[in-house]
Structures are given as structure tokens and as C-alpha cells.
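Worksheet: the structure to be examined is printed underneath.
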Amino acid sequence: MNKSYSIITPIKNEERYIASTIKSVLAQKVLPEKWIIIDDNSTDRTNQIVKKYLTDNEFIKLISAPKIDIKEVSARIAYLFNYGYNSTTIKTDLIMKLDGDTTLPSYYSEFFIQLFNEDEKLGIASGCAQYNGIKEKNADKTLTRGAAKFYNKKCLEQIGYAYLSRGWDTIDNYAAQSMGWYTKK
């Protein structure tokens, strides 16, 4: 049985990129069952752009985050991801954390669903980023990227969600590995 997935996207002032991100998700060969976009009090046109897509795509939900006093950007993103996860019921097997400025190839979700279907102990997986057409160096194939990473829901819950600290998207890999999960980039 193919696993289903949901997406959680923390955003703040992403008017330059959010439409491309949304279009890339809508172009996926396998669409998410739910996409929770958490706005962190944007002051630009980010919300208006997201709202254009809500009517025709009922699986997309835009929610506003409460004002929080977390200055460190990475910890703030982790908090917003956790807030999105806990603010609604997610019944899918997989959760993708997706940045609001990330564009995915159309096969991205299908590829990772297949990986998780093949290995019940796969806890976290992601691809490699490209910047201006240059693929990042992949020194450690077990440390996933935070921009567009998939979690096995059981693994995410077992590790206690995203850690509210700088480097949360590395810490979660080590936490998962220490609990017997595989992580893969």
C-alpha cells in the first residue's frame, strides 16, 4: 500500500517565492492529502498570494502563527513546524517539511513515497539542494536537508518533533538514528 503524505510549510515574507513553491507542489505526480502553511506574521503580500490558491485546492490550509519570542531563525522555523503539526489532525503516514522558498521537481513526492514504501525503518529522507543549477556537495548521505524533508510520522513523534534550536535539521537525524531509524539524503 502506498503511503500518504501531508506537507507543513512555515512562511514569513515569502512573496518572492511562495507562488513558485505552490505551483511546484500542485505539479507533483502525487499530491498531498493536506498542506498546512503557517504564516509567521508576514508583512508583505505572502498571505494574499497563498489565498489565491485556497479556493481551488481545498487540501491547502493557511493558518496564522501566534506571536512568539524566539529570535533564532532556525529555532523559530522548528517551532512553526511543530505548531503546524499540532494545530490540526494529520492522518497521513509521512510528513514533509517544506520551506516556502523551495521549488520541487514534479517527481519529488512520488520518489520519496517509494523509498518509504520499501523500508519501514526509514525515518527521515530528503534530496539535495541546487543553487543556480549547481548541486550541493553531499558529504554525508545520512544527514537530510531541512528545506524539503520527509518524515515517517512514527519517527517524527518518537524523536519528539523538531528541536527548538539552531541545527534542528541535523539533530533530528541523530535522534532518529539513536532510536533505530535510518536517515537518507
Side-chain angles (χ1 to χ4, degrees), residues 1-12 14-38 46 49-50 52-54 56-62 74 77-78 80-82 84-85 88 90-156 159 161-162 168-170 172-173 176 181-185:
M1 176 179 82
N2 276 344
K3 296 188 181 303
S4 57
Y5 76 104
S6 295
I7 301 174
I8 300 173
T9 301
I11 57 172
K12 183 171 183 101
E14 297 286 2
E15 78 175 312
R16 185 171 169 198
Y17 305 105
I18 194 65
S20 293
T21 301
I22 292 170
K23 289 175 186 174
S24 77
V25 169
L26 296 177
Q28 292 300 296
K29 293 179 181 179
V30 179
L31 289 174
E33 286 190 14
K34 187 181 283 192
W35 186 5
I36 304 152
I37 301 174
I38 307 100
T46 299
I49 295 167
V50 172
K52 289 181 192 176
Y53 293 91
L54 297 179
D56 294 333
N57 302 286
E58 293 182 6
F59 64 93
I60 303 174
K61 307 292 180 214
L62 175 63
S74 293
I77 290 168
L80 294 167
F81 174 77
N82 293 342
Y85 184 88
T88 186
I90 296 180
K91 297 180 180 178
T92 57
D93 308 298
L94 306 173
I95 313 297
M96 181 200 301
K97 186 270 180 193
L98 177 65
D99 285 354
D101 62 354
T102 302
T103 303
L104 304 172
S106 63
Y107 60 83
Y108 197 82
S109 60
E110 180 181 51
F111 176 81
F112 285 100
I113 289 168
Q114 184 61 36
L115 286 181
F116 281 93
N117 282 336
E118 292 170 0
D119 188 348
E120 287 297 318
K121 291 304 290 178
L122 180 58
I124 308 172
S126 75
C128 294
Q130 286 189 25
Y131 302 98
N132 298 322
I134 299 169
K135 191 173 181 180
E136 72 180 342
K137 293 184 180 178
N138 192 0
D140 187 335
K141 294 185 183 284
T142 68
L143 296 179
T144 60
R145 297 277 301 158
K149 68 193 307 180
F150 273 92
Y151 292 89
N152 178 315
K153 183 179 177 180
K154 292 175 187 172
C155 173
L156 181 62
I159 66 172
Y161 310 101
W168 65 268
D169 59 338
T170 299
D172 60 3
N173 289 275
W181 296 95
Y182 298 109
T183 60
K184 182 176 189 171
K185 174 167 73 171

Heavy-atom donor-acceptor pair, [X] side chain to [Y] backbone, under 3.5 Å:
X	Y	value
Asn152	Lys154	yes
Asn2	Asn117	no
Asp172	Ala162	no
Lys153	Ile90	yes
Thr21	Thr102	yes
Thr9	Ile37	no

Residue pair Ile95, Tyr5: steps toward the side-chain contact (heavy atoms from CB on, under 4.5 Å) verdict | CA-CA 5 Å; Ile95 313 297; Tyr5 76 104; over 6 Å; no

Hey, does [Y] have a side-chain heavy atom less than 4.5 Å from the side chain of [X]?
X	Y	result
Trp181	Ile124	no
Asp99	Tyr17	no
Asn57	Leu31	no
Ser6	Ile36	no
Phe150	Leu115	no
Leu104	Met96	yes

Evaluate whether atom CZ of Phe59 has more than 12 neighbouring non-hydrogen atoms of other residues, nucleotides or ligands under 6.0 angstrom away.
->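 Enclosed.
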
Has Lys23 got more than 12 heavy atoms of other residues, nucleotides or ligands less than 6.0 Å from its NZ?
->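 At most 12 heavy atoms, drawn from other residues, nucleotides or ligands, come within 6.0 Å of this atom.
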
Can you tell me how far apart [atom1] ([X]) and [atom2] ([Y]) are? Round to the nearest 0.5 Å.
X	Y	atom1	atom2	result
Ile77	Asn82	CD1	CG	12.0 Å
Ser4	Ile113	OG	CD1	8.0 Å
Ile11	Ile18	CD1	CD1	5.0 Å
Cys155	Leu94	SG	CG	11.0 Å
Glu120	Leu122	CD	CG	9.5 Å

Heavy-atom closest pair, residues Ala148 and Leu98 =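 Where Ala148 meets Leu98 most closely, the heavy atoms are CB-CD1, 3.8 Å.
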
Testing the 3.5 Å rule here: is there a donor-acceptor pair between the side chains of [X] and [Y]?
X	Y	answer
Glu33	Thr92	no
Gln114	Glu118	yes
Lys34	Thr88	yes
Thr183	Thr144	no

N-O pairing of Lys97 and Asp169 below 4.0 Å |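 No, no charged N to carboxylate O under 4.0 Å.
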
Aromatic ring proximity, centroids under 6.0 angstrom, Tyr108 and Phe112 | yes

Output field: ring centroids Tyr85/Tyr151 closer than 6.0 Å | no

Can you check side-chain contact (heavy atoms from CB on, under 4.5 Å) on Gln28 and Ile7, steps first, answer last?
-> CA-CA 12 Å; Gln28 292 300 296; Ile7 301 174; over 6 Å; no

